[in-house]
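All remarks here apply to the structure that follows.
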Amino acid sequence: MDRLIIFDTTLRDGEQSPGASMTREEKLRIAKQLERLRVDVIEAGFAASSNGDFEAVRSIANSIKDSTVCSLARANDKDIGRAAEALAGCENRRIHTFIATSPLHMEKKLRMSPEQVHEQARLAVRFARQFTDNIEFSPEDGYRSEPDFLCRVLETVIAEGATTINIPDTVGYAVPELYGEFIANLRRRIPNSDKAIWSVHCHNDLGMAVANSLAGVKIGGARQVECTVNGLGERAGNCSLEEVVMAVKTRRDYFALEVGVDTGHLVPASKLVSGITGFVVQPNKAVVGANAFAHASGIHQDGVLKARDTYEIMRAEDVGWVANKIVLGKLSGRNAFKQRVQELGIPVESESEMNAAFAKFKELADRKAEIFDEDIQSLFSDEAVTPHSEYFRLVSLAQHSETGERPHARIVFVIGDREVTAESDGNGPVDASLRAIEGEVKSGSELLLYSVNAITTGTESQGEVTVRLGRAGRIVNGVGADPDIVAASAKAYLSALNKLYTTTERLNPQTSMTP
Ligand code: KIV
Ligand code: ZN
């Protein structure tokens, strides 16, 4: 059977989503989960975009062994040199270089003639060849490029040594059949097309990223799909990794392709990415949404009980869902906790991370009699186990609300090495708490989103709160979990402030002006 290469770009294209920027440590945690998932290629970042991204690519390149590690680079020597430097410690490395080829992008964004773009693409691939023979080339906005011109550019870069040719639908304009035929046509017309692996890269602006990618594979003959966990990405996102992988695996009869991904790690990967970025997964999201395997109607429940495959085409446990059962309580010890963490496949980087999570587990078990697997997972997505980001930290919170009275909150929290106490009234206890924090920190940020989700079922469940803050064009997300949703809200707000006050500015490859 042919093999389909899974190229994950959560850490590069996914991270370009406003508010999804991650620290080096967070990126490394996700990269390790992607390696556990056995994705073939991890696009770790865009090394030239900032020192932070360079360091993130470097540390991923130095620690990942089983997947190829890749860095994006615009088609110029400086970017390519920086990518090569960041990847130097990795045996399986790839440089992914790109330049826009659509008339619109060349004229308005790059202000370059087609001939200049053609030449720049040639020189970029030639230069990259000094550092590795694993080179991917992308004509940005490829799907809206003029086919004759695209054929010339792609023939040239393959002749220069590009081994993967990726055709981005940068703006999510394609429809499945046309996109598939577009790729098939390029492959037919370009004389040396068989010297490269063809790849699809689809954005989801019209909700067709997965369908387009699959058509690129089936009709176009592509053998690499670029995707992100949870479909994370700018605007409406990228092609979703879990959907494309499960489509190819479940419909093996149709696609006849082998995929190396270990699907049992899909749900933990989804939870990790959503916990770190604060991008909540919608309940009805295919494969990893909370309702993806829930049968509410009586007819369906009856059918599933009689024969599972009446209404289920995949098994929940095959994608990493674990039964929602009570596993631990306040009498459980460290060993039982550690064992369950291992059974759940939660990546734990160090003994100190395990200790921090165990301390939080004990705290939680004092307040919540039944600890579910989801609760344990939330302990690890909670910012509190990643001490680097704890400039702002909740110490305690007291609030009072009573019918007919204006709620009041008193909150003690740490700013750097200083403990402060702040108080405020508000429309509700959450409003009062967030006002108290803001009154002290004076971040001047705007609250763009506030959402609460129950981690498990029942009123005893922990609340998971996501807060999105915007300030001077920068958007960050923070997540907090606690059985008390007012405390969860305060934690989420402080977590967002931690991100707002770290400098992770970076260039965005799609919007940066010159190559
Ligand atoms: O969408 C796009 O065009 C990209 C390229 C940089 C590959 O992400
Ligand atoms: Zn993209």
Side-chain angles (χ1 to χ4, degrees), residues 5-18 20-21 41-49 53 57 70-76 79-80 82-83 94-106 108-110 117 120-121 124-125 128 135-145 150 153-154 157 162-174 179 182-183 186 196-210 212-213 216 222 224-241 244 506-515:
I5 296 169
I6 300 297
F7 175 114
D8 179 275
T9 183
T10 307
L11 300 174
R12 198 280 297 171
D13 220 351
E15 201 209 13
Q16 282 169 217
S17 187
S21 68
V41 186
I42 299 172
E43 188 161 55
F46 172 24
S49 70
D53 228 28
V57 176
C70 169
S71 172
L72 186 71
R74 288 170 297 181
N76 65 54
D79 271 29
I80 293 168
R82 206 66 182 137
R94 174 183 294 187
I95 294 176
H96 176 191
T97 187
F98 76 100
I99 189 164
T101 50
S102 66
L104 189 64
H105 278 228
M106 288 191 291
K108 302 280 190 231
K109 185 178 88 168
L110 298 177
V117 166
Q120 185 119 8
V125 173
I135 295 164
E136 173 167 333
F137 176 80
S138 288
E140 190 192 0
D141 206 17
Y143 181 67
R144 293 194 301 173
S145 302
L150 200 51
V153 172
L154 298 182
V157 295
T163 43
T164 300
I165 297 294
N166 179 44
I167 306 298
D169 177 23
T170 304
V171 291
Y173 181 68
Y179 182 67
F182 189 79
I183 293 175
L186 293 174
I197 289 173
W198 289 71
S199 166
V200 289
H201 178 111
C202 297
H203 282 263
N204 203 32
D205 298 67
L206 293 173
M208 290 189 280
V210 172
N212 287 339
S213 302
Q224 174 176 286
V225 174
E226 302 202 349
C227 46
T228 60
V229 173
N230 298 337
L232 187 70
E234 272 183 290
R235 310 186 305 277
N238 285 59
C239 170
S240 141
L241 180 146
V244 90
R506 51 170 67 85
L507 289 175
N508 179 326
Q510 264 93 345
T511 52
S512 47
M513 294 298 285
T514 51

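Whatever order the structure lists ligands and atoms in, that order sets their numbers, starting from 1.
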Is [X] close to ligand 1, meaning an N/O of one under 3.5 Å from an N/O of the other?
X: D141; result: no
X: T170; result: yes
X: E140; result: no

Nearest heavy atoms of [X] and [Y], plus distance in Å:
X: F137; Y: F98; value: CE1-CA, 4.5 Å
X: A75; Y: I99; value: CB-CB, 4.0 Å
X: G142; Y: F182; value: O-CZ, 3.5 Å
X: Y179; Y: I167; value: OH-O, 2.6 Å
X: A222; Y: V200; value: CB-CG1, 3.7 Å
X: H105; Y: A100; value: CB-CB, 3.4 Å

Using a 4.0 Å heavy-atom cut-off, say whether [X] meets ligand 1 through its side chain, its backbone, both or neither.
X: R74; result: neither
X: S138; result: side chain
X: H96; result: side chain

Go through ligand 1 atom by atom and flag the ones less than 4.0 Å from a non-hydrogen atom of [X].
X: P168; result: 2 (C), 3 (O)
X: H201; result: 1 (O), 2 (C), 4 (C), 8 (O)
X: H203; result: 1 (O)

Next on the checklist: Quick check for you: with the Zn ion (ligand 2) as the vertex, what angle do NE2 of H201 and NE2 of H203 span, to 10°?
Outcome noted: 100°

Next on the checklist: Below 4.0 Å from ligand 1: does a non-hydrogen atom of Q16 turn up there or not?
Outcome noted: no

Next on the checklist: Tell me whether the rings of H96 and F7 are parallel (<30°), tilted (30 to 60°) or perpendicular (>60°).
Outcome noted: perpendicular

Checklist entry - Pick one: which of N204, D169, V225 meets side-chain contact (heavy atoms from CB on, under 4.5 Å) with C239? => result V225

Checklist entry - In the protein, what heavy atom is nearest to atom 4 (C) of ligand 1, and what distance, to one decimal place, separates them? => result Q510 NE2, 3.0 Å

Next on the checklist: Run R82 and D79 through salt bridge (charged side-chain N to carboxylate O under 4.0 Å, His left out) and show every step you take.
Outcome noted: CA-CA 5 Å; R82 206 66 182 137; D79 271 29; over 6 Å; no

Checklist outcome for this item: To the Zn ion (ligand 2), the closest N, O or S atom belonging to D13 is OD2

